[in-house]
Amino acid sequence: MKPLIAFVLVAVSAPMPAWQQQPPQVQRERVMVPPNSAPQEFTVDCPAGRRVLSGGFDAVPAVRVTGSRPLIDTAEGRESWSVWVLNPAKVAQPVELIVLCGEADTVAVSAPGTSARCPNATVPVGGGFVSQWLPSQGGAAITGSYPVPGAGWGIDIAQLPPPAGAAAGFEVRTFAVCGRGLAPPAYQIKVFEIPTGAVGCSENLTGGGFQLIGARPPGFLVTAAMPTGREWRVTAEGRSDTNRALAMRLTAICVATTAAPDGSPMLAEPVAEARDLLPVLVAGVGAVVAALLVLIVLLSTRSRSRRRSRPQARVTVVLRARHSAFRMDELREVR
Amino acid sequence: MTTVRELVFGGAAGEVQAAERLAHDVSISRAVVGRVSEALDFEISDVLVWAWQTRSALLEAGRETFRQPGLVRRVTVVSYSVPWDCELKLDILLNGAHTTTITFVLTLSLEVTALAATVQRGQLTAVETGRYEVGVSLTAEGRTLVERARGFDLTQELKISRPIPLFTGT
C-alpha cells in the first residue's frame, strides 16, 4: 500500500499542464435547417478560452451533411465546429451540432484535396471535411474522414453522378486539428456493420474518424459522426450492390495520461486533498480485487463454453497493396 | 547478407513479440505479422542499391562511365543517408469474409559512411570500404511494434559477385 499512497501524494501535489486540468468537454446545439437547394452552414462555439479539438453532427436521413470541420475566428478569439447541411426536403429538418473543446495547445490546418498534414511536432487530435456539393452539379460524398497517424487527416470520397446534361465536378477540402506537446495518441479501432457503431477511450477522447470498408455504393450516407463524452459514434445508411450490410471502421483518438515534462505523473481529475484519499483508496483497492475475482471467474467460464461450442474461425490474411518510396527531400550526400 | 525480415523480427520470437504488441488476440495477429514478415524477406542492401539507383554520386558516375566505356571511376562518399517508407495493406478475412484492413508502415533509415567504390560501364563493380547504419521501425495503424537500429560492414553485406547496374540504360 505504501508505494501507492506515495504515488498519489506526488500526483496530487504536482503542478499539471493546462491540458489536463479540465478534461475535454462536449457542447451541443440543435438547429432547424430550412429547405434550400444549396448547403447552409451552422456552427456551435467552444466556451471562451477553450480550443476546438473536434466535433461532429447528428442528422436525419432527409438531409445530407456536406461539411463538418473546425472553424477558428482568430480576430474574435472564437473557436467553433462548423457543419454544412443540404436540406432538399420541403420542410425544415433538425440537426444537432457537436463540438469537443479543451485546453490543449492546438493548431488547425486545411488543404484542398483528400489529406491535410499536421505540422512537425504535432499530432492529429481531430479533423473534418467540406465537400462543395450542389444538386445541379453533383459532387463527392464523404465515405471516410479519419486520422492518419504520424501525418494528419485523410478523407475518402465517392463521386456522385451529376444530373443529366450537367458537367461533373467537385471540390473537397480536408481539415486537421493538431495538438502540440502531446504524446502520440492511442487509436482505438473497431469495425462494425452499419447502421450504428461506437468506439471509446478510457480517458481523454479528443476526436475520431470513420471509414467505409470496401466498395462505395451509391446512396451511402453518414447521418451522424460525433463525440459523445468518452465515445466516438457514427451512424450511416446504405446497402452494398449485393444487398449485404456495409462495414465501417471507427477510430477513437485517445490522448493517454503521460509523464509531464518535469517528470511528474499527470492524472485526469486529481482534485481531492491527499489525506481524504486514504479511505477511498482502501475501499477502491478492495473493489478492484473483488472485480478482478469476478472477471477471472467470468473469463474462465467463457473460455470453457467457447471450447465446447464454438468452431475455430479460419483466418486468412491477404496482402492487398504494397507501396514504397524514398523520402527524396530528406536525402543527404556528402562527397 | 541480412534481410529486412531478420532486422525487423530477428526470428520467430520477435514475430511473437510483435504480434502481442499488435493485439491481445494473438491467434489472429500471429497470422497477420507472419504475412508481414514474409513480405519483408528481401535484403537490406537491395534497398540501398535502389536508393543509389534513384539519386547518388554512384548514379552520376554510372552515367558518365556508360557514355565513356573505357572510363573507370573510383567514387568516395563521406556520408549518404535517406529514409525509405514501405506501406503494406493487409486484408483480414474470417471464414472467407472480409473483416478489416490493417495498414503497416515500415521505415528504414539508411546511412552509409566512408564509402569507396568502383564504377565502370554504368555498373557498380566493387565496394572497397564502407559502413552503414540502419534504423528500422514497424508500425500498425499508428502503433509501434518494432523499433531498432543496427550497423553493418558494407563490404560484407554487399558482396558483388556480378556487376550491379546503376540505371536502366545499362
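Atom set for the values below is all heavy atoms of this structure, side chains included, hydrogens, waters and symmetry mates excluded.
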Asks: Report which part of I213(A) has an atom under 4.5 Å of a heavy atom belonging to chain B: side chain, backbone, both, or neither.
Replies: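 When you check distances to chain B, only side chain atoms of I213(A) fall under 4.5 Å.
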Asks: Against chain A, label R35(B) side chain, backbone, both or neither, depending on which of its atoms sit under 4.5 Å from a heavy atom there.
Replies: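 The side chain, not the backbone.
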Asks: Grab the two heavy atoms, one from L319(A) and one from A39(B), that are nearest each other, plus how far apart they are.
Replies: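 Between these two residues, the closest heavy atoms are CD2-CB, 4.2 Å.
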Asks: Flag yes if more than 12 heavy atoms outside R117(A) fall under 6.0 Å of its CZ atom; otherwise flag no.
Replies: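 Counting neighbours around CZ of R117(A), 12 or fewer heavy atoms of other residues, nucleotides or ligands fall under 6.0 Å, so no.
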Asks: Which bit of T107(B) is near chain A, if near means a heavy-atom gap under 4.5 Å: side chain, backbone, both or neither?
Replies: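 Contact with chain A involves the side chain of T107(B) alone.
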Asks: Among residues 327-335 of chain A, which residues come closer than 4.5 Å to chain B, judged by heavy atom distances?
Replies: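 The stretch touches chain B at R327(A), M328(A), E330(A), L331(A), R332(A), E333(A), V334(A), R335(A).
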Asks: At a heavy-atom separation under 4.5 Å, does V191(A) approach chain B through its side chain, its backbone, both, or neither?
Replies: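 The side chain, not the backbone.
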Asks: For chain A, find which of V112(B), T54(B), L88(B) contributes the most heavy-atom pairs closer than 4.5 angstrom.
Replies: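 The option with the most such pairs is L88(B).
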Asks: Looking at A321(A), P147(A), P149(A), which makes the most heavy-atom pairs under 4.5 Å with chain B?
Replies: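 Of the candidates given, the most pairs with chain B belong to A321(A).
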Asks: Considering the options D85(B), L108(B), V47(B), which one meets the side-chain contact (heavy atoms from CB on, under 4.5 Å) requirement together with F326(A)?
Replies: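 Exactly one candidate clears the test, V47(B).
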Asks: Check whether A247(A) gets within reach of chain B through its side chain, its backbone, both or neither, counting any heavy atom under 4.5 Å.
Replies: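 Neither part.
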Asks: Using non-hydrogen atoms and a 4.5 Å limit, figure out which bit of T101(B) sits close to chain A: side chain, backbone, both or neither.
Replies: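 Both the backbone and the side chain of T101(B) come within 4.5 Å of chain A.
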Asks: Starting at OG1 of T316(A), measure out to CD1 of I92(B) and round the result to the nearest 0.5 Å.
Replies: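 Those atoms lie 9.5 Å apart.
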Asks: In terms of heavy-atom pairs under 4.5 Å, which option from L110(B), V77(B), V36(B) contacts chain A the most?
Replies: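 Of the candidates given, the most pairs with chain A belong to V77(B).
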Asks: Among G34(B), G142(B), S56(B), which has the most heavy-atom pairs under 4.5 Å with chain A?
Replies: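 Counting heavy-atom pairs under 4.5 Å, the top option is S56(B).
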Asks: Please determine whether side chain to side chain contact (heavy atoms under 4.5 Å, CB included) holds for the pair V317(A) and D91(B), giving the CA-CA distance in whole Å, both sets of side-chain angles, and the decisive distance to 0.1 Å.
Replies: CA-CA 6 Å; V317(A) 183; D91(B) 287 339; over 6 Å; no
Asks: Please look at T99(B) and chain A and tell me whether the side chain, the backbone, both or neither of the residue comes under 4.5 angstrom of a heavy atom of that chain.
Replies: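 Backbone of T99(B) only, per the 4.5 Å heavy-atom cut-off to chain A.
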